[in-house]
Amino acid sequence: MSSRPELQAPPEIFYDDVEARKYTSSSRIVGIQAELSERALELLALPDDDVPRLLLDIGCGSGLSGETISENGHHWVGLDISRSMLDVALERETDGDLILGDMGQGLGLRPGVIDGAISISAVQWLCNADKSCHEPRLRLKAFFGSLYRCMGRGARAVFQLYPENNAQRELILSFAMRAGFSGGVVIDYPHSSKKRKEYLVLTCGPPSLSTAAPSAKGEDRSSCSDDESSGDEEGQTVCISDRHRPRKKQKLTKKGKTRSWVLKKKEQMRSKGNVVPPDSKYTARKRKARF
């Protein structure tokens, strides 16, 4: 069986009472969560003005990443699908407000109230169909769409994730762009099998001149590479790209469809033996709009 938790069972089943307490009591896990959360907050690039922000912790679990947010002087709201994880968070008396919910069904938050969002090892769960009613594409669309609505314009969201392959990474990124986000992937230590970490860094709205591309951690801090998923580039950084919303079908314009063009087409149809209405003063004349 695969060692990836998301391939073993749905999150609300995998993180039961036993697994939730085991997860939270592990000093190794606590250390990793703190390190990843600190890095996520760094990539979030909040203004250094000593003003507390309201952040959203998606897949907050037992509140380990939330502790890092509190230590940095910010308020937070945590969302998780595992009741057992949230029970442990309540026992630990975390500072954040906790919500039991499925991020794949959308976030029930008011528009524009969130100043930033982080998520540690959670978003890739949306790519799995744990139930017969689950469609990964619809769940990704609902998640990123609701996240975009509840965040203030210009705010950032940082997701640390473990994509199973390039296709999964591109799937997640594409639905984020369709929702209206701009951004890309930051890969820390791309050549290290143990220290390599991926962060999806998104900005709510199109990129602007004031949007600074965060640098990736590694031996060589180079500029943004064209292929953010490649492990052959040194010091990979985020690739800022504009949102790619699906284009609506364009209506045919009247450009070029003058009277002479219509008469020419009718003559071509007649030469083919087709029955064509006779020419008159009304040919190619636009009809008036009627109720």
Side-chain angles (χ1 to χ4, degrees), residues 104-107 111-112 123 126-127 129 132-157 159 163-185 200-213 223-230 232-233 236-291:
Q105 295 181 353
L107 311 174
V123 177
L126 291 174
C127 297
S132 59
C133 61
H134 282 183
E135 169 55 47
R137 295 178 179 272
L138 295 179
R139 288 169 62 77
L140 286 167
K141 180 180 179 181
F143 168 65
F144 283 113
S146 60
L147 178 63
Y148 185 85
R149 290 189 293 271
C150 75
M151 293 181 63
R153 295 301 170 262
R156 270 188 179 177
F159 306 100
E164 187 175 4
N165 46 46
N166 289 335
Q168 190 175 96
R169 181 188 296 105
E170 293 173 0
L171 178 67
I172 295 173
L173 185 59
S174 66
F175 275 92
M177 299 301 165
R178 292 182 185 183
F181 288 99
S182 59
V185 179
L200 180 60
V201 182
L202 303 175
T203 301
C204 192
S208 62
L209 295 177
S210 60
T211 303
S223 59
C224 175
S225 63
D226 293 331
D227 183 8
E228 69 271 9
S229 63
S230 173
D232 296 329
E233 298 293 337
Q236 294 187 11
T237 58
V238 66
C239 293
I240 301 296
S241 57
D242 200 356
R243 53 188 173 180
H244 302 288
R245 293 190 178 187
R247 293 184 178 180
K248 295 182 179 179
K249 292 183 178 179
Q250 300 292 331
K251 295 182 179 179
L252 294 177
T253 62
K254 298 298 182 180
K255 183 179 180 181
K257 295 186 178 180
T258 60
R259 177 180 172 85
S260 60
W261 183 88
V262 174
L263 293 175
K264 180 180 178 181
K265 285 294 181 181
K266 292 177 70 174
E267 188 62 31
Q268 290 178 355
M269 296 295 289
R270 291 192 186 98
S271 63
K272 295 180 180 179
N274 297 328
V275 178
V276 181
D279 301 336
S280 69
K281 65 179 181 179
Y282 301 106
T283 300
R285 181 177 295 185
K286 185 178 180 181
R287 293 177 180 270
K288 294 183 179 180
R290 295 180 180 179
F291 290 97

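Computed from a prediction, not measured in an experiment: that's the story for all the values here.
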Give, for atom OH of Tyr148 and atom CG of Leu202, the distance between the pair rounded to the nearest 0.5 Å.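 Result: 11.5 Å between the selected atoms.
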To the nearest 0.5 angstrom, please state how far the CE atom of Met177 sits from the CD1 atom of Ile172. 12.0 Å
Which residues share a salt bridge (charged side-chain N to carboxylate O under 4.0 Å, His left out) with Glu267, sequence neighbours left out: Arg270
Could you pull out every donor-acceptor pair under 3.5 Å between side chains of residues 135-146 and any protein atom, sequence neighbours left out?
unit_1	atom_1	unit_2	atom_2	d
Glu135	OE2	Arg137	N	3.4
Arg139	NH1	Asp102	OD2	3.0
Arg139	NH1	His134	NE2	3.3
Arg139	NH2	Asp102	OD1	3.1
Arg139	NH2	Asp102	OD2	3.4
Ser146	OG	Leu107	N	2.9
Ser146	OG	Ala142	O	2.9
Ser146	OG	Phe143	O	2.9

Does the Arg259 side chain pair with the main chain of Thr283, one donor and one acceptor, at a distance under 3.5 Å?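 Side chain of Arg259 to backbone of Thr283, a donor-acceptor pair under 3.5 Å: yes, one is there.
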My understanding is that only residues two or more places apart in sequence, or in another chain, count here; which of them pass side-chain contact (heavy atoms from CB on, under 4.5 Å) with Lys265?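 Applying side-chain contact (heavy atoms from CB on, under 4.5 Å) to Lys265 gives Trp261, Gln268.
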Do you know the tightest heavy-atom contact between [X] and [Y]?
X	Y	result
Gly154	Thr203	O-CG2, 4.0 Å
Gly104	Leu126	CA-CD2, 3.5 Å
Leu147	Ala157	CD2-CB, 4.3 Å
Met151	Arg156	CE-O, 3.2 Å
Cys127	Leu171	SG-CD2, 4.4 Å

Could you tell me whether the side chain of Val123 reaches within less than 4.5 Å of the side chain of Leu200, counting heavy atoms only?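 No, too far: nothing below the 4.5 Å cut-off.
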Partner residues of Ser260 under the side chain to side chain donor-acceptor pair (under 3.5 Å) criterion, sequence neighbours left out: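 Applying side chain to side chain donor-acceptor pair (under 3.5 Å) to Ser260 gives Thr258.
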